[in-house]
**Q** 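Below is one structure. I have some questions about it.
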Number of protein chains: 2
Amino acid sequence: MKRDSRLSSVLHALVHMAEREGPMTSEELAACMHTHPVVVRRTMGLLREAGLVRSARGPQGGWRISADLGTVTLRQLHETLGEPAIFAIGNRQDMPGCLVEQAVNAALDDAFTEAEALLLTRLGQITLADLAADFSRRHAGRREGST
Amino acid sequence: MKRDSRLSSVLHALVHMAEREGPMTSEELAACMHTHPVVVRRTMGLLREAGLVRSARGPQGGWRISADLGTVTLRQLHETLGEPAIFAIGNRQDMPGCLVEQAVNAALDDAFTEAEALLLTRLGQITLADLAADFSRRHAGRREGST
DNA sequence: GTTTCATGTAACTTCGTTTATTACGAATTA
DNA sequence: TAATTCGTAATAAACGAAGTTACATGAAAC
């Protein structure tokens with residue numbers, strides 16, 4: 001199956017932006033995350049609607065974070081991206097008339113709901129500031145220091 | 001995204017088979033789970049390799065459970081199906097050279113790993129016997145009694 | 001033994017989803 | 001006005017699951 005990697009992408013972009021004074025263009029972001037500028041705009045556009053980043057057109061334009069890193073959680077970003085489906089496994093139908101299917105779905109749904117709740121809780125406990133700090137730690141922890 | 005519904009399918013099939021004395025043909029199973037007989041064979045074939053079901057060709061042939069319902073867990077079935085990817089969300093790359101990506105991936109992987117562990121634990125606690133019992137409960141609990 | 005039933009399996013097609021790309025428009029700066 | 005950069009629609013490519021077709025194999029019934 002094809003996994004939605006937008007959360008990962010967006011985080012990558014945001015942490016890069018956090019390390020920068022000025023704005024970054026879609027082109028720069030696309031280069032560092034190995035994707036296409038239009039994909040960057042499309043995805044970052046969702047964050048802009050949520051007020052997490054700002055964009056500016058024209059020369060000297062680009063993307064810039066407009067929220068406090070310490071208050072933005074990964075869960076919030078997941079929601080901003082439209083809460084894409086978390087699981088690649090699921091039930092065949094959602095409103096089964098068959099009692100067997102009802103029993104099966106009930107059991108599976110229980111397990112999946114629990115796992116989803118845990119995941120969202122964990123994502124809610126991690127902020128962009130945490131990621132930036134972890135990056136700094138990794139950056140300091142190596143002899144040479146590139147980006 | 002297209003969700004892998006084989007676990008759900010297989011459970012549906014197994015509980016139906018558990019309610020039956022004789023074997024069920026791929027055609028019958030396909031009919032009750034609204035899919036194609038070949039898909040049934042393909043999927044049930046994996047369970048056969050694991051010794052969970054047996055198949056017989058020719059007249060009076062079909063599929064039959066060959067394991068104790070109380071000992072087969074949903075987790076075991078998930079593994080038998082080849083442990084398909086659980087999440088529809090994931091990292092872009094797995095071996096990033098970029099330190100930013102490493103930090104991002106580490107955080108995400110932690111959360112996803114935890115959620116996956118919980119899910120597998122829960123699936124490991126549910127047996128086919130539990131599902132069959134739940135079905136019986138639902139079956140008894142309704143006025144009319146069809147399948 | 002021939003017929004019929006049913007699985008075994010390899011190919012191929014269809015379908016849905018994500019990502020990539022193209023193309024053009026709009027705004028901003030110099 | 002020219003260069004830069006975002007905004008967005010439309011389209012294509014890539015991928016994987018499920019569905020379908022086609023034909024082979026084996027077992028029972030007569």
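Residue numbers start from 1 in every chain, and the chains themselves are labelled A, B, ... in the order their sequence lines are given, proteins ahead of strands. Because the structure is predicted, anything quoted here is derived from the model rather than measured. Computed from heavy atoms alone, side chains included, the values below leave out hydrogens, waters and symmetry copies.
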**Q** Distance check needed: C:dC5 C1' versus B:Glu28 CD, whole Å only.
**A**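 It works out to 12 Å between those atoms.
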**Q** Are there more than 12 heavy atoms of other residues, nucleotides or ligands under 6.0 Å from atom CD of B:Glu27?
**A** no
**Q** Taking side chain to side chain donor-acceptor pair (under 3.5 Å) as the test, write out the residues that go with B:Asp4, two or more places apart.
**A** B:Arg6
**Q** Please collect all salt bridge (charged side-chain N to carboxylate O under 4.0 Å, His left out) contacts where either partner lies in residues 57-84 of chain A, sequence neighbours excluded, each pair once.
**A**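 Listed by first then second residue: A:Arg75-A:Glu79.
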**Q** Just the rounded figure in Å: distance from C1' of C:dT18 to CD1 of B:Ile89.
**A** 13 Å
**Q** Quick one: is A:Thr35 getting a side-chain N or O under 4.0 Å of the C:dA20 phosphate, OP1 or OP2?
**A** yes
**Q** For nucleotides 1-10 of chain D, read 5' to 3', which letter fits each nucleotide if B means a protein heavy atom sits under 4.0 Å from the base, S means only the sugar-phosphate is that close, and - means neither?
**A** ---BBBBBBB
**Q** Can you check the B:Met17 CE to C:dT7 C1' distance for me, whole Å?
**A**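 Between C1' of C:dT7 and CE of B:Met17: 13 Å.
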**Q** Specify the separation, in whole Å, of atom CG of B:Asn91 and atom P of C:dT18.
**A**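 My rounded result for the distance is 17 Å.
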**Q** Output every pair passing salt bridge (charged side-chain N to carboxylate O under 4.0 Å, His left out) with a member in residues 41-56 of chain A, not counting sequence neighbours, ordered by first then second residue.
**A** none
**Q** Figure out the CE/C1' separation between B:Met44 and C:dT9, and round it to whole Å.
**A** 17 Å
**Q** Check the distance between C:dG8's P and B:Leu29's CG and give it to me in whole angstrom.
**A** 12 Å
**Q** With sequence neighbours excluded, what pairs up with B:Asp130 under the side chain to side chain donor-acceptor pair (under 3.5 Å) test?
**A**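 Checked B:Asp130 against side chain to side chain donor-acceptor pair (under 3.5 Å); matches are B:Thr127.
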**Q** Quickly work out the B:Met33 CE to D:dG19 C1' distance and round it to whole Å.
**A** 14 Å
**Q** I want to confirm an ordering. Mapping A:Asp4 and A:His36 to their closest nucleotides on DNA chain C, which one lands closer to the 5' end?
**A**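 The answer here is A:Asp4.
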**Q** Applying salt bridge (charged side-chain N to carboxylate O under 4.0 Å, His left out), which residue pairs with at least one partner in residues 8-22 of chain A are found, sequence neighbours left out?
**A** A:Arg20-A:Glu28
